[in-house]
Amino acid sequence: MAPRVRFAPSPSGYLHLGLARTALFNWLWARKTGGKLVLRIEDTDQERSSPESVRALVAALRWLGLDWDEGPEVGGPHGPYFQSERRSRYQAASDRLIGEGKAYRCYCSKEQLDRARAELKAGDPKAQFVYPGTCRARTDHPDLPSVVRFKAPSEGVTEFSDRVFGRISTPNKEQQDFIILRPDGFPLYNLACVVDDHEMGVTLVARGRDHIGNTPLQILLYRALDWQEPEFAHLPMILGPGGDKLSKRDGAVGVGDYRERGYPPMGVLNYLVRFGWSHGDQEIFSRQELVDKFSWERVNRSDGKFDQKKFLDVAFEQLKRPDLTPLEHYAELVQPFLLARGLSDIPLQTLHRAIETIRERARTLEDAANRLDYYFRDPPEMESAARAKFLVPAAASRLEALSKVLAHVRPWDSPQLEARFRDWLAEHQLNMKEVAQPVRVALTGRSDSPPLFDVMAVLGRERALERLNSAAVLARAG
Ligand code: GLU
């Protein structure tokens, strides 16, 4: 049977890179095996969940190209896919457990428990407070707020076999009677997760290893409810440079942050997949290669440190290589960044040719848009230092003369332009250095650009000559 996997984020306003990595591994497995990926929104924490934070999450997943087969926006036979709309199901599971004597109502107030905890700590500050089972045998039903607690076993062990971490065995004496339902009827994570994974037919639960401690509790619930357990695969963590879990303290950690900075989606996925998976020494993968090569056998247990520079290198490599980012796709990716610069008249063919001139140097799409700006802005924005240094009176007549000479070049392409330019330099006993910078500033407004003849070829005859002449006027004025 094809696997059913799921991605179950708690919306927090943005998609954390660590969660995106988990989504990626699930997606890869579903796409590789022809299985199904379910997206479930774990929004029982009403304070943190809002329609906006769900939208941000969904938008980030869509941008990464991690689509799902069941869930918000696409529907499916196991909905609703928002936990906040599934409360009656958790209630039913809880009632069943109570009815079968496997869970009970606990009326201990927070104050009572705090007091018991404080007393314990007074005797031994290091002691771990464990709920003493005060209400376990209670038979009355006072009209008081109550939680529901699961009757955890205190003997034996709970074992499961993890696809990444192997056999994991937890002594039951470490478990306490954990809460499954709050006084307001909202479920706790472990109950909601088990009910949903069961009802949604999930066969493999792959998630961050920060949940590995929850798994024995979930297994106890599966067994108490007499439900088939799914398989589990826990994934290593993305750590910050300091060695703790990567967090906002470490800087930008949201997928959206990197989208805004102009990282391509595949650059993000390619970097994220390294956290837990590798394929020999290969560093850069296409989406299809990831799908083809992904396997659980190659998932490892080692946490990895987030490295901003490496991330940028990987993103750059994705952009640089035409086999990974074909021209048409590059153009689509960079358009929003050009629009954001106020450029709107962007002929597609010119854009394609312009991209070829900057692809080797543009490290992000934001950087690319900056390097493409002068191709689409008339007149080009002049860097004042470049203008002051190179558009000086001595350059004026050369720019004018050059414009006249180049006007006759046919066809208007880079080799012809270069040949004519070099002839002209020789005729006037000038060297390239003396002329190249004023010409560059004339064409691009900058002192750094791709090779001049490539720039001229992309600009086209009319615009290139116009820029040389306008710059001559500026140069004369000094
Ligand atoms: N909502 C949990 C989280 O975002 C899901 C954990 C799980 O996958 O079971 O961490």
Side-chain angles (χ1 to χ4, degrees), residues 3-30 35-50 53-54 56-58 60-61 64 66 68 70-72 78 80-87 89-90 93 160 162-165 168 178 180 182 186-222 227 229-239 245-248 253-255 272 275-276 296 299 303:
R4 288 178 61 83
V5 290
R6 62 12 164 224
F7 175 50
S10 310
S12 61
Y14 69 105
L15 179 58
H16 187 283
L17 291 171
L19 281 184
R21 186 286 315 267
T22 297
L24 171 63
F25 280 38
N26 281 293
W27 182 85
L28 287 172
W29 189 236
K36 297 272 185 254
L37 173 61
V38 178
L39 172 62
R40 176 171 80 230
I41 307 293
E42 303 213 323
D43 59 347
T44 51
D45 181 348
Q46 296 294 83
E47 274 172 27
R48 295 179 75 203
S49 306
S50 65
S53 63
V54 174
L57 190 82
V58 164
L61 288 171
L64 288 171
L66 301 180
W68 51 98
E70 294 175 25
H78 303 284
Y81 293 94
F82 287 81
Q83 285 191 330
S84 57
E85 295 168 22
R86 302 175 60 83
R87 286 172 58 189
R89 295 156 199 258
Y90 313 130
F160 69 99
D162 188 276
R163 278 212 163 184
V164 178
F165 284 81
I168 293 182
F178 57 91
I180 54 176
R182 293 196 315 218
F186 270 79
L188 267 287
Y189 159 69
N190 283 315
L191 177 69
C193 182
V194 165
V195 169
D196 289 348
D197 284 339
H198 169 72
E199 292 190 0
M200 294 177 181
V202 170
T203 58
L204 171 68
V205 169
R207 60 186 168 204
R209 75 158 177 77
D210 48 340
H211 285 290
I212 216 162
N214 285 318
T215 309
L217 309 190
Q218 295 181 8
I219 295 206
L220 289 173
L221 287 171
Y222 279 108
W227 289 343
E229 295 155 30
E231 279 193 276
F232 292 91
H234 288 88
L235 308 173
M237 305 301 287
I238 304 185
L239 304 179
K245 191 172 161 180
L246 180 69
S247 80
K248 276 191 169 164
V253 294
V255 167
L272 290 181
F275 291 91
W296 290 107
V299 174
D303 293 340

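Start at 1 and go down the list; that is how both ligands and their atoms are numbered.
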When the ring planes of W227 and H198 are compared, do they come out parallel, tilted or perpendicular, using 30° and 60° as the limits? parallel
Hey, what's the ring geometry for H234 with F232, parallel, tilted or perpendicular (30° and 60° as the breaks)? parallel
As a test of understanding, state which of L235, L17, I238 forms a side-chain contact (heavy atoms from CB on, under 4.5 Å) with F275. I238
Backbone or side-chain N or O of C193 under 3.5 Å from ligand 1 N or O: no
Within the distance-only criterion (no hydrogens, no angle test), does the side chain of R86 pair as donor or acceptor with the backbone N or O of P80 below 3.5 angstrom? yes
Note: E70-K36 ion pair, threshold 4.0 Å (strictly below): no
Near R207, which atoms of ligand 1 are under 4.0 Å from a heavy atom of that residue? 7 (C), 8 (O), 9 (O)
What atoms of ligand 1 come closer than 4.0 angstrom to any heavy atom of E42? 1 (N), 2 (C), 5 (C)
Where the closest heavy atom to atom 3 (C) of ligand 1 is concerned, which of H16, H211, Q83 has it? H211
Return the residue, atom name and 0.1 Å-rounded distance of the protein heavy atom closest to [atom].
{"atom": "atom 9 (O) of ligand 1", "answer": "Y189 OH, 2.6 Å"}
{"atom": "atom 8 (O) of ligand 1", "answer": "R6 NH1, 2.7 Å"}
{"atom": "atom 5 (C) of ligand 1", "answer": "A8 O, 3.1 Å"}

Check: I168 and I212 side chains under 4.5 Å, non-hydrogen atoms: yes
